[in-house]
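Scroll down for the structure; my scribbles are underneath it.
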Amino acid sequence: MLQQTTVAAVIPYFQKFMARWPTVQALAAAPIDEVLTAWAGLGYYARARNLHRCAKAVTEAHRGIFPATEVALMELPGIGPYTAAAIAAIAFGQRATVVDGNVERVMARFHNVAVPLPTAKPELRRLAHGLTPPTRAGDYAQAVMDLGATICTPKSPACARCPLRSHCQALTAGTAQELPRRAAKKRVPTRRGTAFWIVRSDGAVLLRRRPPRGLLGGMIEVPSSEWRAEPIADPFVEAPISIRRWSAVRGRVEHTFTHFHLVLEVAMASVSDKAASRLKGADILWVRPRDFHRHALPNVMKKVVDLAGSVGRR
DNA sequence: GAAACGTGGCC
DNA sequence: TGGCCAAGTTT
């Protein structure tokens with residue numbers, strides 16, 4: 001959960017997961033849809049799929065016991081170099097070098113490394129390895145991560161009250177504020193589409209399960225036209241049902257993903273039960289808005305729901 | 001190596 | 001207000 005995500009954002013999700021699935025076996029036995037529903041809103045949904053696969057692997061291939069070496073941990077889904085080292089050091093008390101964004105920043109400053117990320121990663125890892133103590137490497141790693149989160153922050157680091165200030169080379173050089181350097185970022189493009197809010201006579205709305213991998217993989221969506229850089233003249237040809245009368249919802253949904261901005265128009269329509277009954281398939285759902293919380297709607301789709309739901313209220 | 005992959009908080 | 005960045009991993 002903590003991969004690329006702040007502690008504050010994770011805490012309520014962590015509490016919910018631990019209460020609902022207290023053991024790795026319980027998580028392994030859960031349907032993926034339930035795991036994704038519990039993860040909805042946290043983002044990077046491949047993590048939820050990987051966590052679930054990992055629980056299955058530990059349960060089925062490791063007799064419910066996590067492997068105790070970094071190399072073996074790395075074999076598990078969703079566990080990369082950082083997580084493997086964190087588990088080895090924190091859970092198993094081994095001398096493993098834990099390198100996350102905090103550690104990279106602290107190392108770049110402590111040793112005044114001017115080489116930009118990600119080029120500097122191997123060097124920062126070597127430096128981190130050199131400082132890792134033979135005992136209590138897990139406590140040490142968490143201390144450095146907490147230092148990075150509270151004192152050695154990305155902007156305006158609190159060097160005056162840093163316990164490492166007497167040995168920090170960037171502080172001596174006056175470069176702490178500007179380190180670590182990073183390669184220039186690319187501009188994010190904008191994509192556009194039209195979401196189709198299709199209501200059945202009983203008030204249920206058409207939802208759809210996205211393909212199991214890729215963007216929002218396995219999550220539930222309000223069906224929409226394809227999201228394109230160049231919008232098409234008639235998006236309604238991509239609606240899941242051919243409908244004569246669409247009504248445009250005033251306003252738009254804007255959302256920023258990691259690598260593109262999304263602008264969504266919303267169109268509404270009612271369909272007969274007969275027409276609705278023709279839409280079938282494992283990926284099709286008809287759900288009343290009051291039951292949306294039982295499904296894995298990512299935040300971008302919650303924005304669509306909010307906009308569509310505003311019709312009639314004003 | 002580079003790109004894909006969510007969302008929210010901060011300044 | 002828009003860019004930056006977060007306890008990274010996978011393809």
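Everything numeric in this text was worked out from a predicted model, so none of it was measured. In what follows, chains carry the letters A, B, and so on, assigned in the order in which the sequence lines appear, proteins first and then strands, with residues in each chain numbered from 1. All values below come from the heavy atoms of this structure, side chains included, with hydrogens, waters and symmetry mates left out.
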>> What's the closest nucleotide to the side chain of A:Tyr45 if the choices are B:dT7, C:dA7, C:dT10?
In response: B:dT7
> Rounding to a whole Å, what distance do you find between A:Met1:CE and C:dA6:C1'?
Replying inline: 16 Å
> What's the CG-C1' distance between A:Leu51 and C:dT9, to the nearest Å?
Replying inline: 13 Å
> Salt bridge or not for A:Glu238 and A:Arg228, using N-O below 4.0 Å?
Replying inline: yes
>> Which is more 5' along DNA chain B, the nucleotide nearest A:Arg49 or the one nearest A:Lys186? Just name the residue.
In response: A:Lys186
> Any side-chain N or O of A:Arg105 less than 4.0 Å from the OP1 or OP2 oxygen of C:dA6?
Replying inline: yes
> What integer distance in Å separates A:His261:NE2 from B:dT7:C1'?
Replying inline: 14 Å
> Given the C1' atoms of B:dC5 and C:dC5, what is the spacing between them in whole Å?
Replying inline: 15 Å
>> Below the 4.0 Å mark, does C:dC5 have OP1 or OP2 next to a side-chain nitrogen or oxygen of A:Lys185?
In response: yes
> Do any N or O atoms from the side chain of A:Arg210 and from the backbone of A:Leu215 form a donor-acceptor pair under 3.5 angstrom?
Replying inline: yes
>> Ignoring hydrogens, what is the shortest heavy-atom contact between A:Thr132 and A:Ala137? Give both atom names and the distance.
In response: CG2-CB, 3.8 Å
> At under 4.0 Å, does any side-chain N or O of A:Arg182 touch on OP1 or OP2 of C:dA6?
Replying inline: yes
> With sequence neighbours left out, which residue pairs that include part of residues 57-96 of chain A fulfil the ring-ring contact (aromatic ring centres under 6.0 Å, His included) condition?
Replying inline: none
> Toward the 5' end of DNA chain C, which comes first, A:Met145 or A:Arg53, by nearest nucleotide?
Replying inline: A:Met145
>> Rounded to whole Å, please give me the gap between CG in A:Leu179 and C1' in C:dC5.
In response: 16 Å
> Does A:Arg187 make a side-chain N or O approach to OP1 or OP2 of C:dG3 shorter than 4.0 Å?
Replying inline: no
>> Looking at B:dC5, I'd like to know if its phosphate oxygens (OP1 or OP2) sit under 4.0 Å from a side-chain N or O belonging to A:His259.
In response: yes
>> Roughly how many Å apart are B:dG1 and C:dA6, using the C1' atom of each and rounding to a whole number?
In response: 23 Å
> Where do A:Tyr45 and A:Leu216 come nearest, in terms of heavy atoms and distance?
Replying inline: CE1-CD2, 3.6 Å
> If you measure from the P atom in C:dT9 to the same atom in B:dG8, how many Å do you get, rounded?
Replying inline: 22 Å
>> Taking 4.0 Å as the cut-off, does a side-chain nitrogen or oxygen of A:Lys155 come that near to OP1 or OP2 on C:dC5?
In response: no
> Expressed in whole Å, how much space separates the C1' atoms belonging to C:dT11 and B:dT7?
Replying inline: 22 Å
>> Quick check on B:dT7: is either OP1 or OP2 less than 4.0 Å from any side-chain nitrogen or oxygen of A:His255?
In response: yes
> Atom CH2 of A:Trp227 to atom P of B:dA4: distance rounded to whole Å?
Replying inline: 15 Å
> Hey, does A:Thr256 reach any base, or is it just sugar-phosphate, or nothing, if we go heavy atoms under 4.0 Å?
Replying inline: base
>> Does B:dT7 have its OP1 or OP2 closer than 4.0 Å to a side-chain nitrogen or oxygen of A:Thr258?
In response: no
> B:dA4 C1' sits how many Å from A:Arg210 CZ, rounded?
Replying inline: 13 Å
> Under 4.0 Å: is that the gap between some side-chain N or O of A:Gln4 and OP1 or OP2 of C:dG8?
Replying inline: yes
> Does NZ or CZ of A:Arg20 lie under 6.0 Å from the centre of the six-membered ring of A:Trp39, at an angle within 45° of the ring axis?
Replying inline: no
> Apart from A:Phe236 itself, what residues make up its hydrophobic cluster, given side-chain heavy atom links below 4.5 Å?
Replying inline: A:Phe196, A:Ile198, A:Leu206, A:Ile241, A:Ile243, A:Trp246, A:Val271, A:Leu279, A:Ile284, A:Trp286
>> Under 4.0 Å, counting only non-hydrogen atoms across every strand here, what does A:Val98 touch: a base, just sugar-phosphate, or nothing?
In response: nothing
> Shortest non-hydrogen contact from A:Leu36 to A:Gly218?
Replying inline: CD1-O, 3.4 Å
> With nearest nucleotides of DNA chain B determined for A:Pro118 and A:Asn299 from heavy-atom distances, which residue corresponds to the more 5′ nucleotide?
Replying inline: A:Pro118
>> Quick check on the 6.0 Å ring-centre criterion: do A:His259 and A:Phe257 meet it?
In response: no
>> Tell me whether the side-chain N/O atoms of A:Asn102 come closer than 4.0 Å to OP1 or OP2 in C:dA7.
In response: yes
> Near DNA chain C, which residues from residues 5-43 of chain A have a heavy atom under 4.0 Å away?
Replying inline: none
>> Please report the distance, rounded to the nearest Å, between CG in A:Leu117 and P in C:dG8.
In response: 12 Å
> Over how many whole Å does the gap from A:Tyr44 atom OH to C:dC5 atom P extend?
Replying inline: 13 Å
